[in-house]
Novice: 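Before I ask anything, let me first share the structure, which is written out below as structure tokens.
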Amino acid sequence: MNKILLIVLLIPMLSFSQQKEVLKYFKSKDSLVGIKNREGKIIIPAQFKVFSYLKDGELVKEETIYFDGSKKDEQKEKNAWGYVYDRNGNFLYRPFFYDNGADYFSEGVRRFVKNGKVGFVDRNGAVVIKPEHDFVSPFNYGYAAFCDGCDWEKTEDEHKAIVGGTWGVMNFKGESVKPVSKSGIAVEVGAEYYPYPFSYNEKEEAILQFFRKQNKKLSELYYVNHYTQLSENEKKLFFEIVERPKENFPFYQINTYDYRKVEAGLSYDFKFLVSEDRTKTYALDYDKEKIPFEKWLKREIKKAKQFQKEHPDNPNKLSK
């Protein structure tokens, strides 16, 4: 009896101990940024010149800590931008520089740089694919292009482009994949075709079936403001699980792709989360805010109807 009582009393203590420690950004007198805990203990010294707007005392909300800028007196590293640490103050990696900041997450991973080579990490900062190539594109529909011996070159519009080198295509494991003959399920990457990259168990197939059954409705919402007339085949969407439950992330993430197998909604829309026990389904708004699926669907239908009302000549009509 006493043993049972002790276990019951320990449950709240264990639950409390598993909660994340409250961490806050702080600024030094010379505007360098670091991290303190709630008691004021310095977890990461103030040593970063941060470009994003941060208030002194602002809470750390993510699983990892990102400093959007350079370290004081650092030696610049090619293609790297910012620093990522874990919540214990341990350095994890430097993100790949993209679009004037750190690389975005795509299909559950983002690019990082080490010793001039590019690899991939997950949302917890764990290395998923070792940095072994001079350049790697973001993952799209299970594949990423990579090159060795290539380099950046300025173009006429002042942007940079990758030139030269030997190119290949990798899968989620970082393995180089050979092209195959064109078929109904082959995936086009550049001018070549590659095997269908996804596989699912029975539970995961059931998750995807929920979205497949709503394909027509979701495709109408996605294409309602498309400026050219599309056939039913061209409007068909594809749904794939790109991330599975892991530490700090108890969800399946489902991304939407258009008929070309290109990620729909750019990088911020038509992405969904399903809880590990499959009881909750959310839409991701701008890749961050979770909105209950039915609430999101009503909002999108309302927006689509309003667009059609304002643009009665839109070529891709909603079903009545």
Novice: Return yes if some donor-acceptor pair links the side-chain N/O of D134 with the main-chain N/O of D151 below 3.5 Å, else return no.
Specialist: no
Novice: Taking atom OH of Y259 and atom CG of N233, what is their separation to the nearest 0.5 Å?
Specialist: 10.5 Å
Novice: Donor-acceptor pair, N124 side chain versus A126 backbone, under 3.5 Å?
Specialist: no
Novice: Donor-acceptor check, side chain of Q209 to backbone of A206, threshold 3.5 angstrom: yes or no?
Specialist: no
Novice: Are more than 12 heavy atoms, taken from residues, nucleotides or ligands other than K235, located less than 6.0 Å from that residue's NZ atom?
Specialist: yes
Novice: Counting only N and O atoms by type, is there a donor-acceptor contact under 3.5 Å from the side chain of E234 to the main-chain atoms of S231?
Specialist: yes
Novice: For residues L297 and L218, determine if any side-chain heavy atom of one lies less than 4.5 Å from a side-chain heavy atom of the other.
Specialist: yes
Novice: For the backbone of P195 and the side chain of Y143, can you confirm whether one donor and one acceptor N or O come within less than 3.5 Å of each other?
Specialist: yes
Novice: Is the count of non-hydrogen atoms from other residues, nucleotides or ligands lying under 6.0 Å from K261 atom NZ greater than 12?
Specialist: yes
Novice: In sequence, state the C-alpha distance, the side-chain angles, and the governing distance for Y222 and D269, and then conclude on side-chain hydrogen bond (donor to acceptor under 3.5 Å, both in side chains).
Specialist: CA-CA 10 Å; Y222 181 70; D269 204 3; over 6 Å; no
Novice: Drop me the distance from D56's CG to K36's NZ, to the nearest 0.5 angstrom.
Specialist: 7.5 Å
Novice: Nearest 0.5 Å, please: how far is NZ in K203 from CD1 in I241?
Specialist: 9.5 Å
Novice: State whether the number of non-hydrogen atoms from other residues, nucleotides or ligands found under 6.0 Å of F307 atom CZ is greater than 12.
Specialist: yes
Novice: With no hydrogens and no angle check, is any side-chain donor or acceptor of T64 less than 3.5 Å from a backbone partner on D86?
Specialist: no
Novice: Salt-bridge test for K182 and E188: reply yes if a basic N is under 4.0 Å from a carboxylate O, no otherwise.
Specialist: no
Novice: Could you check if a side-chain atom of M170 sits within less than 4.5 angstrom of a side-chain atom of V177, using non-hydrogen atoms only?
Specialist: no
Novice: Does K71, at its NZ atom, have more than 12 non-hydrogen atoms belonging to other residues, nucleotides or ligands within less than 6.0 Å?
Specialist: yes
Novice: Look at the side-chain heavy atoms of Ile, Leu, Val, Met, Phe, Trp and Tyr, link any pair under 4.5 Å apart, and say whether Y252 and I291 land in one connected group.
Specialist: yes
Novice: For the NZ atom on K217, are there more than 12 heavy atoms of other groups (residues, nucleotides or ligands in this structure) within a distance under 6.0 Å?
Specialist: no
Novice: Among E247, E243, E63, find the one that has a salt bridge (charged side-chain N to carboxylate O under 4.0 Å, His left out) with R123.
Specialist: E243
Novice: Against Y141, only a single residue in E240, E107, R260, E263 fulfils side chain to side chain donor-acceptor pair (under 3.5 Å); can you say which?
Specialist: E240
Novice: Check whether N314 reaches the backbone of N316 with its side chain - one donor and one acceptor, N or O, closer than 3.5 Å.
Specialist: yes
Novice: Considering residues, nucleotides and ligands other than K27, do more than 12 of their heavy atoms fall under 6.0 Å from its NZ?
Specialist: yes
Novice: Please name the pair of heavy atoms, one in A102 and one in P95, separated by the smallest distance, quoted to 0.1 Å.
Specialist: CB-CB, 3.6 Å
Novice: Just wondering, do V118 and E132 contact through their side chains at under 4.5 Å, heavy atoms?
Specialist: no
Novice: Rounded to the nearest 0.5 Å, how far apart are OG of S183 and OH of Y193?
Specialist: 9.5 Å
Novice: Testing Y83, Y85, W81, F51 for ring-ring contact (aromatic ring centres under 6.0 Å, His included) with F67, which one passes?
Specialist: Y85
Novice: Quick check for you: to the nearest 0.5 Å, what is the distance between F135 atom CZ and D148 atom CG?
Specialist: 12.0 Å
Novice: Does the pair K317/E220 count as a salt bridge with the N-to-O cut at 4.0 Å?
Specialist: no
Novice: Any side-chain heavy atom of V274 within less than 4.5 Å of one from F211?
Specialist: yes
Novice: Mark yes or no for whether R244, through its side chain, and P250, through its backbone, hold a donor-acceptor pair below 3.5 Å.
Specialist: no
Novice: Between I162 and C150, which heavy-atom pair has the shortest distance, and what is it?
Specialist: CG2-CB, 3.8 Å
Novice: Step by step, would you call F26 with V33 a side chain to side chain contact (heavy atoms under 4.5 Å, CB included)?
Specialist: CA-CA 6 Å; F26 77 96; V33 177; over 6 Å; no
Novice: Run the numbers on Y25 and I65 for side chain to side chain contact (heavy atoms under 4.5 Å, CB included), then give the verdict.
Specialist: CA-CA 10 Å; Y25 294 96; I65 302 166; 4.1 Å; yes
Novice: Let me see the working for F210 and R212 under side chain to side chain contact (heavy atoms under 4.5 Å, CB included), right down to the final yes or no.
Specialist: CA-CA 6 Å; F210 169 82; R212 291 168 182 162; over 6 Å; no
Novice: Run the ring pair (Phe, Tyr, Trp, His ring centres under 6.0 Å) test on F120 and F139 for me, step by step, so that the C-alpha distance in whole Å, both residues' side-chain angles and the decisive distance to 0.1 Å come before the verdict.
Specialist: CA-CA 10 Å; F120 289 89; F139 270 97; 4.8 Å; yes
Novice: Between K49 and D68, is the closest basic N to carboxylate O distance under 4.0 Å?
Specialist: no
Novice: Under 4.5 Å between any side-chain heavy atoms of F272 and F293, yes or no?
Specialist: yes
Novice: Given side chain to side chain contact (heavy atoms under 4.5 Å, CB included), test F238 with T256 step by step and report yes or no.
Specialist: CA-CA 6 Å; F238 295 85; T256 306; over 6 Å; no
Novice: Same cluster or not: F270 versus F198, using hydrophobic residues (I, L, V, M, F, W, Y) connected whenever any side-chain heavy atoms lie under 4.5 Å apart?
Specialist: yes
Novice: Between V121 and L92, is there shared hydrophobic-cluster membership here, with clusters defined by ILVMFWY side-chain heavy atoms closer than 4.5 Å?
Specialist: yes
Novice: Any donor-acceptor pair under 3.5 Å linking the side-chain atoms of E77 with those of N79?
Specialist: no
Novice: Can you name the closest pair of heavy atoms from Q229 and P315 and give their distance?
Specialist: OE1-O, 2.5 Å
Novice: Do NZ/NE/NH1/NH2 and the carboxylate oxygens of R94 and D103 come within less than 4.0 Å?
Specialist: no
Novice: Between F251 and K290, is any pair of side-chain heavy atoms under 4.5 Å apart?
Specialist: yes
Novice: Can you tell if the side chain of I43 reaches within under 4.5 Å of the side chain of N88, non-hydrogen atoms only?
Specialist: no
Novice: For the atom pair CG (L318) and CG (L221), what is the distance rounded to the nearest 0.5 Å?
Specialist: 6.5 Å
Novice: If only atom types and distance count, is the side chain of E204 paired as donor or acceptor with the main-chain N or O of N201 below 3.5 Å?
Specialist: yes
Novice: Same cluster for L54 and V84 if Ile/Leu/Val/Met/Phe/Trp/Tyr side chains link at under 4.5 Å?
Specialist: no
Novice: Verify, without hydrogens or angle tests, whether R111 (side chain) and V136 (backbone) share a donor-acceptor contact under 3.5 angstrom.
Specialist: yes
Novice: Should I185 and Y194 be regarded as members of a common hydrophobic cluster, given that ILVMFWY residues are connected when their side-chain heavy atoms come within less than 4.5 Å of each other, either directly or indirectly?
Specialist: yes
Novice: How about Q308 and V224: do any of their side-chain heavy atoms sit closer than 4.5 Å?
Specialist: yes
